[in-house]
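Input: a single structure, listed below in structure tokens.
Since the model is a prediction, treat every value here as computed from it, not as a measurement. Keep in mind that the numbers below use all heavy atoms, side chains included, and drop hydrogens, waters and symmetry copies. In listed order, ligands and their atoms are each counted from 1.
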Amino acid sequence: MSDLHMPDPNDEQAWARYVEDFRLSAHSSVEWIASYLANIRTVPVLPTIQPGDLVDALPAHAPEQGESFDAILQDFHDKILPAVTQWNHPGFMAYFGTSASTPGILAELLIAAMNTNGLHWKTSPAVAELEQVALGWLRQWLGQPPEFFGIIYDTASTSTMHALICAREFAQPASRVEGYGGNLVVYTSEQAHSSVEKGAMAVGIGQKNVHKVPTDAEFRMRPDVLRSLIEADLRAGLQPCCIVATIGTTSSTSVDPVAQCAALAEEFNLWLHVDCAYAGPCALLPECAEHFVGIGRAHSVVTNPHKWLMTPMDLSAFYTRKPEVLRQALSLVPEYLRASDDPRAVHLMDYGVPLGHRFRGLKLWFILRYFGREGVMQFLRRHNQLAREFAGWVDADSRFERVAPVPFSVVCFRLRGSDECNKTLLDKVNASGSTFLSHTALNNQYVIRIAIGNIATGRADVELAWKLIQAAAEEVLGEAVSIRQK
Ligand SMILES: Cc1ncc(COP(=O)(O)O)c(C=O)c1O
């Protein structure tokens, strides 16, 4: 075994050779990243491989002897990259657009290099304190009150699961010791993300105890029905514990009436969690303020900088005005982790299921500093404006219909015709290699979504998407006519 791959740590020269090997490959990797980002338009947004192709192309066993960075990077280039769906591509307009911005990429490199772990304050004061600083800045941008405590988890699904843990603790303080006593009910709209149900499954509340509230014609939760559901459940001897409202639902980006949900939460003493995983950053924009009315009355809020705030996967910001409930539910300190009781020493392990805590705060801090408030506002406004323009093109073309309002940067539309026609249209567009769109179902119909949210996406990319959609529509409608004529 070469000492390059497993140096004797006390052999200074061997250690230096090991680090030097990294230095050379790291320089060329950074060069590679820069040209990848510069030329991202030229690679196909979707890979063309079949399931299992990559597994078949790679050895079944790990190597006995360490291999060179050159060999590993060569395989990365030849075998792994062709299997990557390019979320950084300006034509990636499926699901929600995301982007790995340059400050985020740089911070990820530094985070990995330090490999520091913020279990409690002393295990890395920088992790504990920078996370509070960066989340404090973000909280101010989101317009949330200063009493909101923030913590970073991996994803919104984890954040919402923690909100449900809080709701369970809030409603049944004995549950931590005794186990959950049953009967709890969570309310969310029928348009809410599946993570609400999954969270309820994970924390033992159970899928059937997530009561779905119907929505109005614009896919917003109906507070009148919410009230009747709560009242009916109380009469039936159940224990309502939580309302999950969404600002920017996954399918159509509809906005639930948060202020009315807050009023009901206050009246019935329920936990109110607001999921603005995607749309949260728009709270910065005065023109979007109407969508965020009441958010300051929530008990907890989640927003995902890894969705629409240029942050590489993963980073979900969870805020709660009642950190003591979260702590009561989850703090458990074995002797070996006993730490300072200085009130300024935040021990992140007390506020979540995971013990280990990545230095994600560094990434957020880099991004907020690099772009600043104005840069972020410009970024969001660009996308909202492009979505409005796209909606105008759809409205002006009688072959299409728009299916939902456009409060943010997603447009839901469909070709007037069968679900099958719309599926074919989507497949044709996605086969282009330059645009990737996804679908959803609204009003029991197949609906196409265009989601603009990538730092690399400009007007020309959205125009190209529209041209591809129009060309595909011509083909699909032509095919439908010829089938009818046969
Ligand atoms: C509104 C909303 N909430 C939660 C989620 C789940 O996000 P994550 O992948 O971070 O768990 C999504 C995902 O798109 C979402 O749109």
Any heavy atom of [X] closer to ligand 1 than 4.0 angstrom?
X	result
Ser195	yes
Asn304	yes
Tyr278	no

Evaluating non-hydrogen atoms only, which member of Gln191, Lys307, Met161, Lys198 is closest to atom 13 (C) of ligand 1?
Lys307

With a 3.5 Å distance limit and no angle check, can you tell me whether Thr123 reaches the backbone of Leu119 through a side-chain donor-acceptor pair?
yes

Against the six-membered ring of Trp365, is Arg369 placed for a cation-pi contact (under 6.0 Å from the centre, within 45° of the normal)?
yes

Face-on cation placement of Arg327 at Phe149 ring, 6.0 Å and 45° thresholds
no

How far is atom 16 (O) of ligand 1 from the closest protein heavy atom, and which atom is that?
Thr250 OG1, 2.8 Å

Among protein heavy atoms, which lies nearest atom 6 (C) of ligand 1, and at what distance?
His193 CE1, 3.3 Å

Note: ligand 1 atoms sitting under 4.0 Å from heavy atoms of Gly248 are 1 (C)

His306 heavy atoms, cut-off 4.0 Å: which ligand 1 atoms fall inside?
10 (O)

Heavy-atom check, side chain of Tyr180 versus side chain of Val203, under 4.5 Å
no

Taking the side chain as everything from C-beta on, heavy atoms only, tell me whether Val186 gets closer than 4.5 Å to Val244.
yes

Between Phe96 and Trp87, is a ring-ring contact (aromatic ring centres under 6.0 Å, His included) present by the stated rule, with each step listed?
CA-CA 10 Å; Phe96 281 126; Trp87 287 66; over 10 Å; no

Geometry only, no angles: is [X] polar-contacting ligand 1 at N/O separations under 3.5 Å?
X	answer
Asp275	yes
Ser157	yes
Phe96	no

Have a look at ligand 1 and work out which part of Ala277, if any, has a heavy atom under 4.0 Å from it: side chain, backbone, both or neither.
side chain

Hey, is NZ on Lys428 packed in by over 12 heavy atoms from elsewhere, all under 6.0 Å?
yes

Do the rings of Phe436 and Phe92 sit parallel, tilted or perpendicular, given the 30° and 60° boundaries?
perpendicular

